[in-house]
Amino acid sequence: KPTKETPIIPDKYWLAIHKGEVVGTVGLLVVENHFGILKKMMLKKEFRGKELGLSKKMLETVLNCCKQNHIPKLYLGTMTQFKAAQSFYRKNGFKRIMKNELPSSFLINPLDKVFFIRDLNN
């Protein structure tokens with residue numbers, strides 16, 4: 001079982017590649033099949049936005065993996081200043097929760113102050 005000092009390495013990790021260059025990443029950490037944690041969702045600035053829909057496609061990849069593996073809930077933490085990311089998560093069915101609402105086995109990045117959950121059973 002990971003400790004606070006253990007580097008958080010996702011169980012699944014996907015790359016978005018454009019012309020041979022990595023332009024985005026997203027990972028999924030599965031905690032004892034009870035829930036998933038969205039990790040390392042990043043996209044180069046020029047590939048963000050509704051026009052390409054790449055962020056949504058990357059998130060859908062993670063959500064589909066969760067559903068295929070019967071993972072009922074997906075959590076994530078993000079930094080306060082990432083307002084656009086927070087808006088993206090809300091628009092995609094995530095609900096903001098307080099830190100004390102996270103499962104006790106949630107691995108918290110100390111820089112994250114804003115937390116979300118998406119119930120995948122609905």
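In this chain, numbering begins with 1 at the start of the sequence shown.
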| request: Show your reasoning for whether ring-ring contact (aromatic ring centres under 6.0 Å, His included) applies to Phe116 and Tyr75. | output: CA-CA 6 Å; Phe116 289 89; Tyr75 292 89; over 10 Å; no
Residues passing the side chain to side chain donor-acceptor pair (under 3.5 Å) test with Lys44, sequence neighbours excluded, are Glu21
Do Met41 and Leu54 belong together in a cluster built from hydrophobic side chains that touch within less than 4.5 Å?
yes
Those residues at least two apart in sequence (or on a different chain) that pass side chain to side chain donor-acceptor pair (under 3.5 Å) with Asp112 are none
Sequence neighbours excluded, the answer for salt bridge (Lys or Arg N to Asp or Glu O under 4.0 Å) partners of Lys83 is none
Taken in chain and number order and not counting sequence neighbours, the residues that satisfy salt bridge (Lys or Arg N to Asp or Glu O under 4.0 Å) with Glu46 are none
With a 4.5 Å heavy-atom cut-off, do Cys66 and Leu28 have their side chains touching? yes
Under the 3.5 angstrom rule, does the side chain of Thr25 hit a backbone N or O of Lys40 as a donor-acceptor pair? yes
Heavy-atom nearest pair, Phe115 first then Gly77, reads CD2-CA, 3.6 Å
* Would you check if the side chain of Arg118 reaches a backbone N or O of Arg90 as a donor-acceptor pair within less than 3.5 Å? => no
Tightest non-hydrogen contact, residues Gly36 and Ile71, listed as N-CG2, 3.4 Å
In this structure, CG of Asp119 is separated from CD1 of Ile117 (nearest 0.5 Å) by 6.5 Å
Heavy-atom nearest pair, Ile37 first then Phe35, reads CG1-CE1, 3.7 Å
Grouping ILVMFWY residues whenever side-chain heavy atoms fall under 4.5 Å, the cluster of Met79 otherwise contains Phe82, Leu111
Ring pair (Phe, Tyr, Trp, His ring centres under 6.0 Å) filter on Phe94, not counting sequence neighbours, yields Tyr89
Taking every heavy atom of Gly24 against every heavy atom of Leu43, the minimum-distance pair comes out as CA-CD1, 3.7 Å
When you compare the side chain of Leu120 with that of Leu74, does any pair of heavy atoms fall below 4.5 Å? yes
Return all side-chain donor-acceptor pairs below 3.5 angstrom for residues 57-64, not counting sequence neighbours, or 'none' if the list is empty.
residue: Thr61; atom: OG1; partner: Lys57; partner atom: O; Å: 3.0
residue: Asn64; atom: ND2; partner: Glu60; partner atom: O; Å: 3.2

query = Does any N or O in the side chain of Glu101 come within less than 3.5 Å of the main-chain N or O of Met98, such that one atom is a donor and the other an acceptor?
reply = yes
For Ile17, the other hydrophobic cluster members (4.5 Å side-chain criterion, sorted by chain and number) are Tyr13, Leu15, Val22
The reported gap from NZ in Lys56 to NZ in Lys91 (rounded to nearest 0.5 angstrom) is 11.0 Å
OG1 (Thr78) and CG (Leu38) are apart, to the nearest 0.5 Å, by 9.5 Å
Scanning both residues in full, the closest heavy-atom pair of Thr80 with Lys113 reads OG1-CB, 3.4 Å
Those residues at least two apart in sequence (or on a different chain) that pass side chain to side chain donor-acceptor pair (under 3.5 Å) with Lys73 are none
Self-check item: Residue pair Asn69, Val30: steps toward the side chain to side chain contact (heavy atoms under 4.5 Å, CB included) verdict
Solution: CA-CA 10 Å; Asn69 291 285; Val30 180; over 6 Å; no
| Where do Leu107 and Leu29 land on the side chain to side chain contact (heavy atoms under 4.5 Å, CB included) test, with the steps shown first? | CA-CA 10 Å; Leu107 300 173; Leu29 183 67; 3.7 Å; yes
Phe47 meets the ring pair (Phe, Tyr, Trp, His ring centres under 6.0 Å) criterion, sequence neighbours left out, with His18
